[in-house]
Amino acid sequence: MLVKDLLQDLVKRALDAMQGDGVLPGDLSPNIQIERTRSKEHGDFATNVALTLAKVTKRNPRELAEAIIDALPEDAAVEKVEVAGPGFINFFLAGIERRSVVERVLEQGNQYGHSTQGGGQTVNVEFVSANPTGPLHVGHGRGAAYGATLANLLDATGYKVQREYYVNDYGRQMNILATSVWLRYLERNGEPVVFPSNGYRGDYIYDIADTITARFGDELQHPWDLVTEGVPADAPDGDKEVHIDALIGRAKTLLGDTDYMNVFDLALNIILDDIKDDLREFRVEVNCWFSERSLEEADGIKHAIDRLREADQTYEKDGALWFRATDFGDDKDRVLVRANGQSTYFASDCAYMLNKRERGADTLIYVFGADHHGYVTRLRFAGRALGINPDDMEIPLVQFATLYRGGKKVQMSTRSGQFVTLRELRNDVGNDAARFFYIMRGHEQHLEFDLDLAKSQSNDNPVYYIQYAHARICSVFRELAEKGWSRDADAGMANLELLGESHEEALFTSLARYPELVLTATHNRTPHMIAHYLRDLANDLHTYYNAHKFLVDEAGLRDARLNLILAVKQVIANGLDLLGVSAPESM
RNA sequence: GCGCCCGUAGCUCAACCGGACAGAGCAUCGGCCUUCUAAGCCGAGGGUUGCAGGUUCGAGUCCUGCCGGGCGCGCCA
């Protein structure tokens, strides 16, 4: 049981007693907030319950606080309780309680900070879900790091987590990709191809085209004149959308269904495999690569539309099938099935959402890039249409990351194909720094990613600073062995009371805070809190190291200090693990 | 035009359901030092939380309006 919960229980019992005695009205059920204090003078924990009760009971808050303290049951963990400020109740923990964290950490090891708070509820975390039309870029990287870390947090706090990537392998963009590949193939085989302005221009398209050549030789080749037969002009003279759609049509006609799909699938698989490798190397786990096409093939879209139709939420107009979004407060109704018989993305959204629910997800988390925030409303309407409680759907938006090198912004533009890929970033700064820097800021904040800092081996680099704290502790233990000593764990525990230095007190507090922090970070979907915490903990360790020698001659004190820093090492490792960052033994 | 997000120290960012004196790092300034491997350590200055109202015992946090920045609006995906 967390001390926080213990204190909450004590306060509750006090209030119950006061209600029983008629000192407080029996009908109030106060929300008892226990929080860590910001400064030591205010003790370890505080509650504002007297302030909140003062109003409803029309009593003086300080006086009420005194009364609550009088009714508070004794507990060995609490040394002193005080009224402070306008009516806060401050709790000072007993020394033995404060020190006990060392034992807890070492006992629980890599499980310290984990909990069963989630009660086994299933949470579906969908993230990245970039169209497989090219390699992931640095924008996707932030979503990947955020989603992966959030999933790790949920996992650690007792939720069943589905980590999911929605593979858009069905729509028009994929047809543009397949056609782009085929055109590059023709170009490589000597055709005088004029590449469409709306096609995918990246170099990787050539690589895929070469794979096509390796597999199919010149079987898929057709003369350029025939390819462009009847195709309207490209921009600027014509409409680039019409132009590319016509080219797609020609590709399908000339290649036939089978060969067209061969090109399509080959392109898709090469890119998707690349994305899978990329994420795996980035320590981003994905349990389910959910294919949009599979949804269509399994009649999932029809299934979802049937559901909406049964609920009388659809109607037909102008040959299309519409969803009555206005009934739910949208400014206009939304098309489910176009006049040409093709279903819309909104229909796929509904189908996929329904599918997630049918696979057992209680909560749906959609991690979106901020540029996709226009979909949020639509998705929420889909949820309402399908009868999903709005509280069971969350759509955190991850803002853009801007790269800086040499103090200057790295220019990027998807349109011109001038984007930095996630793989380039990882190769540049390393996986550890990339993971850490990505989640170091609140996800709703624009991120300035300083590439030079991320690479630097100095204390200014927070990743280095934290990892170094871990390695430094390992180094102390190597030194211990070199001196021919060893740690006596039991003696260390028995001598914890020798640890009375302010640096040691600070570490007790920091270590004890960790499980609460993990819960808060999970609950608020704010993994950056872990990064900030680890930086603070590392700072506590380094200042302690600078102020005191651990390997002192006096064995009792030495063992106690070694137990303490071993606990610090454990918590740093646990925290870094949640972030997907390694904890090196030496640097 | 409508909608969403953001605005906190010179810079990059924190601030747990609305709590106590708004905190870190970098940079700046002033000292110290050569250590369980680390040019590091200790300390100081720096703020009308974009502006103006409102709610509250209490607002960086909630509400309204404005200013500034980013993004989005489709029978595209």
Side-chain angles (χ1 to χ4, degrees), chain A residues 31 33 35-39 41-42 46-48 51-52 54-55 60-61 84-88 90 131 133 168 170-176 241 245 292 317-322 331-340 342-346 348 369-378 395 397 399-400 402 404 407 440-450 453 457-462 465 468 471-473 475-480 482-483 513 516-517 519-521 523-524 526 528-529 531-533 535-536 539 542-543 545-552 558 561-562 565 586-587:
Chain A
N31 172 23
Q33 301 172 36
E35 49 181 38
R36 288 265 170 196
T37 57
R38 284 194 212 218
S39 79
E41 296 82 67
H42 297 142
T47 179
N48 63 354
L51 289 162
T52 57
K55 183 160 193 195
N60 177 301
F88 289 103
N90 290 340
N131 285 352
T133 54
N168 192 307
Y170 184 62
R172 176 164 171 266
Q173 290 306 318
M174 289 306 297
N175 282 315
I176 295 176
E241 305 289 349
D245 282 338
E292 184 189 5
K317 192 183 87 181
D318 302 333
L321 184 70
W322 296 72
D331 47 8
K332 58 192 202 179
D333 289 339
R334 303 285 163 176
V335 173
L336 286 160
V337 183
R338 292 193 279 264
N340 66 8
Q342 276 230 309
S343 55
T344 60
Y345 243 49
F346 181 70
S348 294
D371 55 332
H372 285 61
H373 77 253
Y375 308 163
V376 169
T377 313
R378 186 182 74 188
I395 311 175
L397 298 175
Q399 296 289 334
F400 282 137
T402 314
Y404 282 81
M440 161 167 88
R441 304 300 181 212
H443 62 275
E444 292 188 325
Q445 291 289 337
H446 288 270
L447 171 69
E448 296 208 356
F449 196 123
D450 186 335
L453 181 62
Q457 305 231 325
S458 78
N459 288 348
D460 295 342
N461 180 351
Y465 190 72
Y468 178 42
R472 196 169 218 181
I473 294 167
S475 162
V476 170
F477 279 86
R478 283 192 293 270
E479 181 66 19
L480 177 78
E482 222 159 89
K483 291 194 174 200
R513 209 157 64 83
E516 298 157 23
L517 176 91
L519 283 172
T520 306
H523 181 255
N524 295 345
T526 49
H528 72 276
M529 294 180 78
H532 283 272
Y533 167 83
R535 221 235 151 246
D536 290 344
N539 182 53
H542 288 306
T543 54
Y545 180 100
N546 291 326
H548 299 285
K549 206 172 162 95
F550 306 154
L551 299 181
V552 292
R558 184 174 73 228
R561 287 187 167 164
L562 289 173
I565 64 170
S586 66
M587 290 172 75

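Protein chains get the first letters and strands the later ones, always in sequence-line order, with residue 1 at the start of each.
- Atoms CG (A:L397) and P (B:rG3) sit 17 Å apart, rounded to a whole Å.
- Distances were taken from every side-chain heavy atom of A:N459 (C-beta onward) to each of B:rC71, B:rG40, B:rU12; the shortest belongs to B:rG40.
- Close to B:rC13, at under 4.0 Å from its OP1 or OP2, lies no side-chain N or O of A:R535.
- Taking atom CZ of A:R472 as the reference point, atom P of B:rU35 lies 13 Å away to the nearest angstrom.
- Contact annotation for A:H548: base contact, defined as any heavy-atom pair under 4.0 Å involving a base atom.
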Test A:D245 against A:R172 for salt bridge (charged side-chain N to carboxylate O under 4.0 Å, His left out), laying out the working first. CA-CA 9 Å; A:D245 282 338; A:R172 176 164 171 266; 2.8 Å; yes

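- Side-chain proximity of A:N31 to the nucleotides B:rC17, B:rG70, B:rG7 is greatest for B:rC17.
- Rounded to whole Å, the separation between the P atoms of B:rA9 and B:rA14 comes to 13 Å.
- The aromatic ring of A:F88 does not stack onto the base of B:rG19, failing the criterion of a centre distance under 5.5 Å from the six-membered base ring together with planes under 30° apart.
- By the 6.0 Å and 45° rule, A:R472 stacks over the aromatic ring of A:Y545.
- Residue contacts shown for A:N539 are absent, as no nucleic acid heavy atom lies under 4.0 Å away.
- Distance A:E444 CD to B:rU8 P: 15 Å, rounded to the nearest Å.
- When the P atom is compared between B:rG18 and B:rG25, the two are found 28 Å apart, to the nearest whole Å.
- Taking the side chain of A:L51 as heavy atoms from C-beta on, and the options B:rU37, B:rG40, B:rG19, the nearest nucleotide is B:rG19.
- No more than 12 heavy-atom neighbours from other residues, nucleotides or ligands sit within 6.0 angstrom of NE2 on A:H523.
- Taking 4.0 angstrom as the limit, A:R378 places none of its side-chain polar atoms (N or O) nearer than this to OP1 or OP2 of B:rG74.
- Rounded to whole Å, atom C1' of B:rA14 lies 14 Å from atom CG of A:N524.
- Between the CD atom of A:Q33 and the C1' atom of B:rC17 there is a distance of 5 Å, rounded to whole Å.
- Taking CG from A:L336 and CG from A:L321, the interatomic distance works out to 5.0 Å, rounded to the nearest 0.5 Å.
- The aromatic rings of A:Y465 and A:H542 sit tilted, their planes meeting at an angle between 30° and 60°.
- Look at the P atom in both B:rC71 and B:rC75: the space between them is 24 Å, to the nearest Å.
- Nucleic acid contact for A:K55: sugar-phosphate only, since backbone atoms but no base atoms lie under 4.0 Å from a heavy atom of the residue.
- With rounding to whole Å, A:D245 atom CG is found 16 Å from B:rC75 atom P.
- Here the CD atom belonging to A:Q445 is positioned 12.0 Å from the CE atom belonging to A:M440, to the nearest 0.5 angstrom.
- Taking the side chain of A:T520 as heavy atoms from C-beta on, and the options B:rA24, B:rC16, B:rA20, the nearest nucleotide is B:rC16.
- For B:rC63 and B:rU55, the C1' atoms lie 7 Å apart once the distance is rounded to whole Å.
- Residue contacts for A:M174: at a heavy-atom cut-off of 4.0 Å it reaches no nucleic acid atom on any strand shown.
- The nearest whole Å value for the distance from the CG atom in A:N340 to the P atom in B:rG74 is 18 Å.
- Contact between the side-chain N/O atoms of A:H528 and the OP1/OP2 oxygens of B:rA15 is found at a separation under 4.0 Å.
- When the nucleotides B:rC42, B:rC5, B:rA24 are ranked by their closest atom to the side chain of A:T543, B:rC42 comes out on top.
- B:rC71 atom C1' lies 5 Å from atom NE2 of A:H373, rounded to whole Å.
- Among B:rC13, B:rC57, B:rA20, the nucleotide with an atom closest to any side-chain atom of A:Q445 is B:rC13.
- Nucleotides B:rG65 and B:rC29 place their C1' atoms 43 Å apart, quoted to the nearest Å.
- Note that NE2 of A:H528 is 10.0 Å distant from CD of A:E444, once rounded to the nearest 0.5 Å.
- At least one cation-pi condition fails for A:R513 and A:Y533: the charged atom is not both under 6.0 angstrom from the six-membered ring centre and inside a 45 degree cone around its axis.
- When distances are taken from the side chain of A:R441 to each of B:rA14, B:rC75, B:rG70, the shortest belongs to B:rA14.
- Here B:rA38 is the nucleotide among B:rA38, B:rA20, B:rC75 with the atom lying nearest to any side-chain atom of A:Y545.
- When distances run from any side-chain atom of A:D460 to the nucleotides B:rC75, B:rU56, B:rC26, the shortest one goes to B:rC26.
- Comparing the C1' positions of B:rG3 and B:rG74 gives an interatomic distance of 15 Å, to the nearest angstrom.
- One finds no side-chain N or O of A:T344 lying less than 4.0 angstrom from the OP1 or OP2 phosphate oxygen of B:rC75.
- Distances shown here put a side-chain N or O of A:R38 below 4.0 Å from the OP1 or OP2 atom of B:rA20.
- If you take atom P in B:rC6 and the same atom in B:rG50, they sit 12 Å apart, rounded to whole Å.
- Among the nucleotides B:rC71, B:rC41, B:rU12, the one closest to the side chain of A:D371 is B:rC71.
- The ring of A:H42 lies on top of the base of B:rA20, close enough and flat enough: under 5.5 Å between centres, under 30° between planes.
- Side-chain to base pairing of A:N48 with B:rG19: one donor and one acceptor N or O lie within less than 3.5 Å of each other.
- Residue A:Q399 is classed as a sugar-phosphate contact, given heavy-atom separations below 4.0 Å to backbone atoms only.
- With a glycosidic angle no further than 90° from 0, B:rC17 counts as syn.
- B:rU49 and B:rC62 are spaced 16 Å apart, taking the P atom of each and rounding to whole Å.
- Heavy atoms of A:G319 sit nowhere under 4.0 angstrom from any nucleic acid atom.
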